[in-house]
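A note on names: the letters A, B, ... follow the listed sequences, proteins ahead of strands, and every chain is numbered from 1.
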There are 2 protein chains.
Amino acid sequence: MARKTGSHSQITGPKIREQALQLFASHGFAAVSMRQIAAAVGVQAGALYLYTPDKEALLFDLLKTHMDELLAAWAAEERGAGPMAALEAFVRFHIGFNLSRADAVFLSYMELRNLGPENFAMIEGLRRAYETELEEILKAGQEAGVFLIPDTKLATMAIIAMLTGVTTWFREGGRLSRAMVADIYWDMVRKAVGA
Amino acid sequence: MARKTGSHSQITGPKIREQALQLFASHGFAAVSMRQIAAAVGVQAGALYLYTPDKEALLFDLLKTHMDELLAAWAAEERGAGPMAALEAFVRFHIGFNLSRADAVFLSYMELRNLGPENFAMIEGLRRAYETELEEILKAGQEAGVFLIPDTKLATMAIIAMLTGVTTWFREGGRLSRAMVADIYWDMVRKAVGA
DNA sequence: GTCTATAAAGTGATAGAC
DNA sequence: GTCTATCACTTTATAGAC
């Protein structure tokens, strides 16, 4: 029998983060109330405060977790030998990882402004660390004469924006599979860096 | 002498749109109250409703105006002869126009979800019309054998995402001028399409 | 661990005075 | 054209019962 009151901390915590992520991504952080999140989880609003001190901390937790997982996943990725193989690995990794977490990606790019200065700086730092991973690949390729890039910093921003943009239009079951999209984007990136 | 009450409709209307645009872009549509907008303009909240029926209509007005101006400006742009010249014109136009209206660009990509279905469809249609302008250039170049593009639809999305991304990091007075940035991006786009 | 109830403040929008 | 005052409602967050 279902009971209205009981101990579910091990399931409620993850459910709150899951529902908050989806609601924040769909409607925006400011547009979503704690009552809406609670309703989606199946608890009353007051219960949320057992898992987060306030609404902003909930957002920060989602963003921090996402960035940590992104960096950890890239660190664990096979990246082959040489700048060319590393760039291809990065392109395929970025598209694949971001497509599987479109909500979190969207939040990371859009809702940073709802964080306080210290939390903002933390997420921004992690993002920059990720961008630096790509820039180092580009620099290495440039120095090795494998790539022909007018400005590695701009190329970094251009490539990341281009790849991240996939999440705004890609739909599972559409004209192209993830693998086909990754192939096509890799072709464009490869050419763009003069390889 | 300043007076607290009087007729200023010709100045108040534009001021409301200007302040609303900046506030919406900075904090998000849902996070900004009508009272905040009124305070920024220098009137009381009630006065705003002489210029807009409600908050959503104010957002729609900003987005619609931006898209109309974007399409009109591109239509008026010199674009040279042939796909190559047209693509270069598009790249330089897009970067230049978007950099001069970073707030509106940000709104157009982020706050569509706050529109009702009919207003959403209208803005989305204008955006697609703009994207089609680029896609037609790519198709023409592909057919003429000037470009080598695996998929013109994906190339369209990739290029627009890449160019629009400039608004997220460009700062006036930084390391590179607008013209230098446009030169570098044009170099990358040109290579990416195999030209 | 979750509930109900509530405090204190803010929200969009309107009515009527000037 | 603007202001003041206000309605009806929602917001985040907390206190205390169970």
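Contact annotation: S33(B) side-chain N/O to dG10(C) OP1/OP2 distance is not under 4.0 Å.
Of the candidate nucleotides dA13(C), dG1(C), dA13(D), dA13(C) has the atom lying nearest to any side-chain atom of D54(B).
Rounded to whole Å, atom P of dT4(C) lies 15 Å from atom CG of L50(A). The CE atom of M34(A) sits 14 Å away from the P atom of dT2(C) (whole-angstrom rounding). Taking atom CD1 of I37(A) as the reference point, atom C1' of dT11(D) lies 12 Å away to the nearest angstrom. When rounded to the nearest whole Å, the span between CZ of F29(B) and C1' of dT11(C) equals 12 Å. Between Y49(B) atom OH and dA5(D) atom P the separation is 19 Å, expressed in whole Å. In this structure, the CG atom of L58(A) is 10 Å from the P atom of dA13(D), given to the nearest Å. Atom CG in L48(B) sits about 15 Å away from atom C1' in dT4(D), given to the nearest Å. Residue Q44(B) contributes atom CD, which lies 15 Å from atom P of dT6(D) at whole-angstrom precision.
F97(B) has its ring centre no less than 6.0 Å from the ring centre of W74(B). Aromatic rings of H94(A) and Y130(A) (six-membered ring for Trp) have centroids within the 6.0 Å cut-off, being under it.
In this model, no side-chain donor or acceptor of R35(B) finds a partner on the base of dG10(C) within 3.5 Å.
For the 3.5 Å distance criterion, the side chains of E56(B) and N119(B) qualify, holding a donor opposite an acceptor.
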